[in-house]
4 protein chains.
Amino acid sequence: MNTTPPGTQDAAPGAEPDWRRRFARFIERPPVQNALLALILLNAAILGMETSATIMARWGDALTAADRIILAVFVLEIGLRLVAHGMRFFRDPWSVFDFVVVGIALIPAAGPFAVLRALRVLRVLRVLTMVPSMRRVVGGLLAAIPGLASVFAVIVLIFYVGAVMATKLFGAGFPDFFGTIGRSAYTLFQVMTLESWSMGIARPVMDAYPYAWAFFVPFILIATFTMLNLFIAVIVNAIQSEHAAEVRDIERVVTDHADQDAAAMRAEIRALRQEIGSLRQAIAQAAPEAPGMTGPSRPAS
Amino acid sequence: MNTTPPGTQDAAPGAEPDWRRRFARFIERPPVQNALLALILLNAAILGMETSATIMARWGDALTAADRIILAVFVLEIGLRLVAHGMRFFRDPWSVFDFVVVGIALIPAAGPFAVLRALRVLRVLRVLTMVPSMRRVVGGLLAAIPGLASVFAVIVLIFYVGAVMATKLFGAGFPDFFGTIGRSAYTLFQVMTLESWSMGIARPVMDAYPYAWAFFVPFILIATFTMLNLFIAVIVNAIQSEHAAEVRDIERVVTDHADQDAAAMRAEIRALRQEIGSLRQAIAQAAPEAPGMTGPSRPAS
Amino acid sequence: MNTTPPGTQDAAPGAEPDWRRRFARFIERPPVQNALLALILLNAAILGMETSATIMARWGDALTAADRIILAVFVLEIGLRLVAHGMRFFRDPWSVFDFVVVGIALIPAAGPFAVLRALRVLRVLRVLTMVPSMRRVVGGLLAAIPGLASVFAVIVLIFYVGAVMATKLFGAGFPDFFGTIGRSAYTLFQVMTLESWSMGIARPVMDAYPYAWAFFVPFILIATFTMLNLFIAVIVNAIQSEHAAEVRDIERVVTDHADQDAAAMRAEIRALRQEIGSLRQAIAQAAPEAPGMTGPSRPAS
Amino acid sequence: MNTTPPGTQDAAPGAEPDWRRRFARFIERPPVQNALLALILLNAAILGMETSATIMARWGDALTAADRIILAVFVLEIGLRLVAHGMRFFRDPWSVFDFVVVGIALIPAAGPFAVLRALRVLRVLRVLTMVPSMRRVVGGLLAAIPGLASVFAVIVLIFYVGAVMATKLFGAGFPDFFGTIGRSAYTLFQVMTLESWSMGIARPVMDAYPYAWAFFVPFILIATFTMLNLFIAVIVNAIQSEHAAEVRDIERVVTDHADQDAAAMRAEIRALRQEIGSLRQAIAQAAPEAPGMTGPSRPAS
């Protein structure tokens with residue numbers, strides 16, 4: 001059981017025992033993956049039905065039991081994958097995600113952790129890790145984030161400065177909106193989404209501080225212009241990869257064509273050289289008695 | 001009437017009778033199409049006027065009569081097209097659309113189907129299928145949808161998970177907003193459109209659950225960022241087809257130019273070969289007595 | 001004064017009298033144009049000051065007088081241009097715009113036309129026709145419109161159908177929002193801008209008609225998706241002209257380069273022909289007694 | 001101390017004394033820059049904590065003292081840079097920004113300048129000038145502005161005309177919204193952001209002036225369409241620089257390829273010329289007695 005067959009392709013120093021690879025292969029088999037996906041979707045439906053008091057009154061016990069069984073299957077699956085891949089399991093972010101969302105459901109959701117009950121539905125997001133096309137979408141979204149880090153840092157800074165200023169300026173008069181830095185940041189986020197920024201926030205504030213517009217209007221202009229640039233960065237990134245493909249396409253076609261032209265030309269030149277070769281023969285035959293014809297004075301052609 | 005003329009071009013095994021094709025040709029004739037378009041627009045005006053109590057009080061009977069006559073013409077037209085094309089009629093999505101929107105008007109709009117009365121105005125959308133430029137726009141919109149399926153599935157998943165979480169977290173306190181999954185999904189759709197998300201939803205909820213912002217702010221960020229990527233996917237698709245045209249343009253011009261260059265060069269080389277050919281002849285004439293000139297030792301040029 | 005000098009370059013059958021062209025040249029002279037621009041900006045300031053009761057109480061007479069004088073100058077200017085260009089004046093849309101906005105100010109703004117008083121400030125928009133860079137911006141905006149006609153027609157159709165449906169469905173219960181087609185169209189425009197669509201419109205309607213969301217949510221999705229495509233069409237148009245320039249750039253550089261390569265090659269081939277020419281001479285000199293060397297059997301090289 | 005060493009590289013007429021350059025080098029040293037950045041971030045935290053009454057009650061004195069010390073360091077740093085760079089300091093916009101935001105903190109924030117207290121947090125924005133990646137983002141945002149000047153001027157004009165019209169039309173009835181040009185401009189800015197434009201502004205106004213929609217709907221369409229073009233201008237600018245890079249890439253690859261083809265061809269032709277050269281030698285050797293072989297009739301090869 002512990003003997004590794006010789007000649008294994010990826011035989012690392014600590015080569016994996018046979019049963020580990022058998023587990024890994026078992027879990028990655030398409031029918032197993034499809035069954036898991038079906039279980040996740042079934043679990044999603046059950047978690048949805050659990051929110052209905054009417055349904056819970058009639059089938060509550062059955063639903064809770066089904067939920068527990070599915071959870072047990074998930075725990076088993078994660079366990080198998082942990083055993084199969086060892087510590088490498090935690091190097092794959094999708095695996096870590098699966099581990100966390102299944103792990104949340106195991107925390108006894110009572111007392112201070114009661115809110116975790118609601119987080120158990122995050123398990124449904126495992127669909128994202130199972131369906132390749134959705135995984136690509138999420139991967140694409142996450143891949144766009146590092147390129148946005150600088151713009152994001154600028155926006156955070158603008159928010160922090162704006163929140164401190166708003167707290168100092170309007171905090172005393174409008175504690176609900178601007179009482180603390182946290183509240184100010186939330187209110188400024190609301191202002192940036194343009195939700196009730198004027199009727200709900202700026203106009204009441206302007207009744208007390210008539211020049212408050214000189215804070216809100218520039219804040220909106222700066223925040224939305226910076227956000228716009230965040231969006232444009234995403235668009236330009238997307239177009240950039242388009243362009244790379246386009247450049248390759250143009251290169252391929254144009255150079256293919258140039259190669260054909262060059263090949264045709266080389267054929268012509270080859271014909272020319274043959275003609276000259278036959279010409280030289282003709283000359284050699286016309287003047288066979290020439291002494292130096294094959295002598296050392298002839299340069300290397 | 002049933003005899004198919006010999007030599008019909010698209011004579012399939014079950015070849016169409018003559019009158020079928022005559023019907024099809026009659027309906028596709030430009031004057032008939034224009035008359036139908038005019039009828040649809042007239043019908044649009046009548047359906048609009050029918051919403052006015054004042055107009056209905058004076059000309060109600062005439063309008064209803066005109067509406068019925070136009071509907072009869074539409075039924076006749078669809079009937080003719082059904083007879084002309086047979087089952088192929090249902091393979092064209094535009095035809096199916098016409099069939100459905102005309103069919104809705106024939107359902108007796110009473111009792112449980114009273115709401116279908118309002119759907120009868122959908123008939124006006126037949127303009128979309130009649131005017132080629134509008135048909136292209138709608139076709140373009142619909143063509144963009146399959147490419148968006150994955151992003152759309154991710155958004156639906158985010159909504160489902162968000163709705164279940166919101167129902168569990170806030171359902172008890174705010175039954176109007178988050179009482180059931182359906183209500184939560186509607187409220188989250190409203191939040192995603194940023195309509196009154198803070199003043200109307202999040203702030204009242206935060207009065208009861210102070211940490212509710214930790215649900216709403218991330219939800220807005222995730223939902224709008226994913227929506228943004230939906231939009232960007234549409235933009236990049238549109239640009240992609242632009243690019244394809246551009247690549248073709250560049251290829252055409254560059255390769256045309258290269259071909260001209262190559263042709264000029266080949267002409268030069270051909271001239272060169274002629275020159276050499278004449279040179280060989282000159283040599284042959286200069287030394288006609290050479291014995292091996294036409295002998296077997298001469299290699300094939 | 002009426003004698004046209006002979007040999008005028010653009011001497012059409014009805015050639016323009018000398019003074020006409022002198023008027024045209026006078027108005028188009030930079031100092032005159034700058035003076036007009038200054039007058040328009042001064043007029044803008046005056047029209048702004050006229051809205052303040054305090055300023056009008058003190059300097060009202062002076063402002064009104066200045067406004068009238070400036071208006072007189074504008075009328076004179078338009079008159080000169082009309083005389084100078086004749087009917088061609090009305091072929092330039094910018095001129096027609098000037099004519100209309102100045103003309104509005106001449107209508108006695110009393111009785112039913114009192115609202116035209118407010119339109120007199122449109123005169124300030126003449127800045128757009130005077131400053132070339134702003135004229136380009138407006139020209140660009142207007143140039144984008146024809147390409148959007150089809151999408152715009154689709155949106156109008158969606159609005160009409162939506163308005164008729166909403167009037168039939170909700171008109172009885174909510175006459176303020178959906179009482180007539182006009183009111184419904186206005187409300188749907190508000191819904192499309194997402195302003196209070198849920199809290200202000202859809203939720204109250206849903207209290208009476210629980211399934212109203214089935215109208216509003218699809219309407220928002222369809223309307224915003226179509227609007228999005230309107231925006232994308234503008235973006236793609238802008239990028240398209242970018243691309244045209246790019247294609248030209250690539251063509252120019254690549255073909256220039258190819259031309260240089262071809263020129264170098266031709267120089268090489270020319271050298272080759274010279275060499276062959278000298279070779280033939282060498283042969284001719286080596287065998288001068290050959291009879292047919294310059295005979296008719298030599299093909300045209 | 002005042003003696004400039006001979007042979008200084010950038011020895012301008014008024015060459016800088018040694019200690020000036022030593023100051024400049026000292027401030028630009030990475031550890032000094034990092035220490036300054038740490039101080040700015042610490043200062044940001046202190047300024048944030050100062051908004052909390054609870055924290056100020058316990059550690060107020062320490063925080064105020066720390067704030068003053070940090071401010072003193074900033075003043076010292078700016079002073080050193082001023083001494084080091086002289087008047088050139090004011091030519092760098094980032095330096096001017098640092099100078100202004102540090103200077104604001106030195107104004108005694110009392111009496112009419114009390115509001116400047118809130119502006120002291122702008123000091124935190126110095127992070128933007130210290131972190132290169134954030135500096136690039138801000139630089140990019142500012143670089144986009146000149147290209148937008150014309151569109152921006154058009155928007156300002158539209159706002160001015162709209163504000164004057166709205167003041168004249170609705171000022172009497174709605175002094176809070178449209179009482180003065182300033183209030184109208186603010187209200188129209190709110191309308192352009194689509195915040196409560198209908199429920200909060202247009203519908204109340206329409207109750208008094210039923211045709212008010214004829215002002216608001218076109219204003220929204222024109223303002224958002226123009227804003228859209230502002231955004232598109234930013235996107236197209238961003239794509240433009242993309243394109244420049246793409247054009248260079250395509251050029252490089254295609255011309256490199258063409259050069260390789262051309263070089264190969266030239267090598268072929270060179271070989272051909274050598275062949276012909278050797279051929280001529282062969283003929284010369286075959287007929288060495290030819291008299292004019294090296295005569296003047298031979299063209300320059």
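Throughout, protein chains are lettered first and strands after them, A, B, ... in sequence-line order, and every chain is numbered starting at 1.
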Chain B contact via [X] - which portion, at a heavy-atom distance below 4.5 Å:
X      : result
C/L228 : side chain
C/L148 : neither
C/A163 : neither
C/T167 : side chain

A side-chain contact here means heavy atoms from C-beta on lying under 4.5 Å apart; do [X] and [Y] qualify?
X      : Y      : answer
C/V164 : B/E50  : no
C/T226 : B/L141 : yes
B/V121 : C/K168 : no
C/F178 : B/T51  : no

Selection from C/A149, C/A153, C/A166 maximising heavy-atom pairs under 4.5 Å formed with chain B =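 Maximum pair count with chain B is reached by C/A153.
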For the candidates C/F225, C/W213, C/Y211, which exhibits the highest count of non-hydrogen atom pairs separated by less than 4.5 Å from chain B?
-> C/F225
Without swapping roles, check the side chain of B/Q190 against the backbone of C/S198 for a donor-acceptor pair under 3.5 Å.
-> no
Between the side chain of C/Y160 and the main-chain N/O of B/V124, is any donor-acceptor distance below 3.5 Å?
->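 Pair absent, no side-chain N/O of C/Y160 close to backbone of B/V124.
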Winner by heavy-atom pair count (cut-off under 4.5 Å) against chain C, out of B/S196, B/G200, B/A44, B/S52 |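 When all of B/S196, B/G200, B/A44, B/S52 are compared, B/A44 has the most.
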I need the minimum non-hydrogen distance between [X] and [Y], along with the two atoms involved.
X      : Y      : value
C/S150 : B/V137 : CB-CG2, 3.4 Å
C/M165 : B/L119 : CE-CD2, 3.4 Å
C/R203 : B/I201 : NH2-CD1, 4.2 Å

Would you say C/F152 has more than 12 foreign heavy atoms packed within less than 6.0 Å of its CZ?
-> no
Please round to the nearest 0.5 Å and tell me the distance separating atom CH2 of C/W197 and atom CZ of B/F189.
->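 It comes to 5.0 Å.
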C/V161 and side-chain contact (heavy atoms from CB on, under 4.5 Å): which partner among B/L122, B/L128, B/V127?
->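 Going through B/L122, B/L128, B/V127 one by one, the side-chain contact (heavy atoms from CB on, under 4.5 Å) with C/V161 is satisfied by B/L122 alone.
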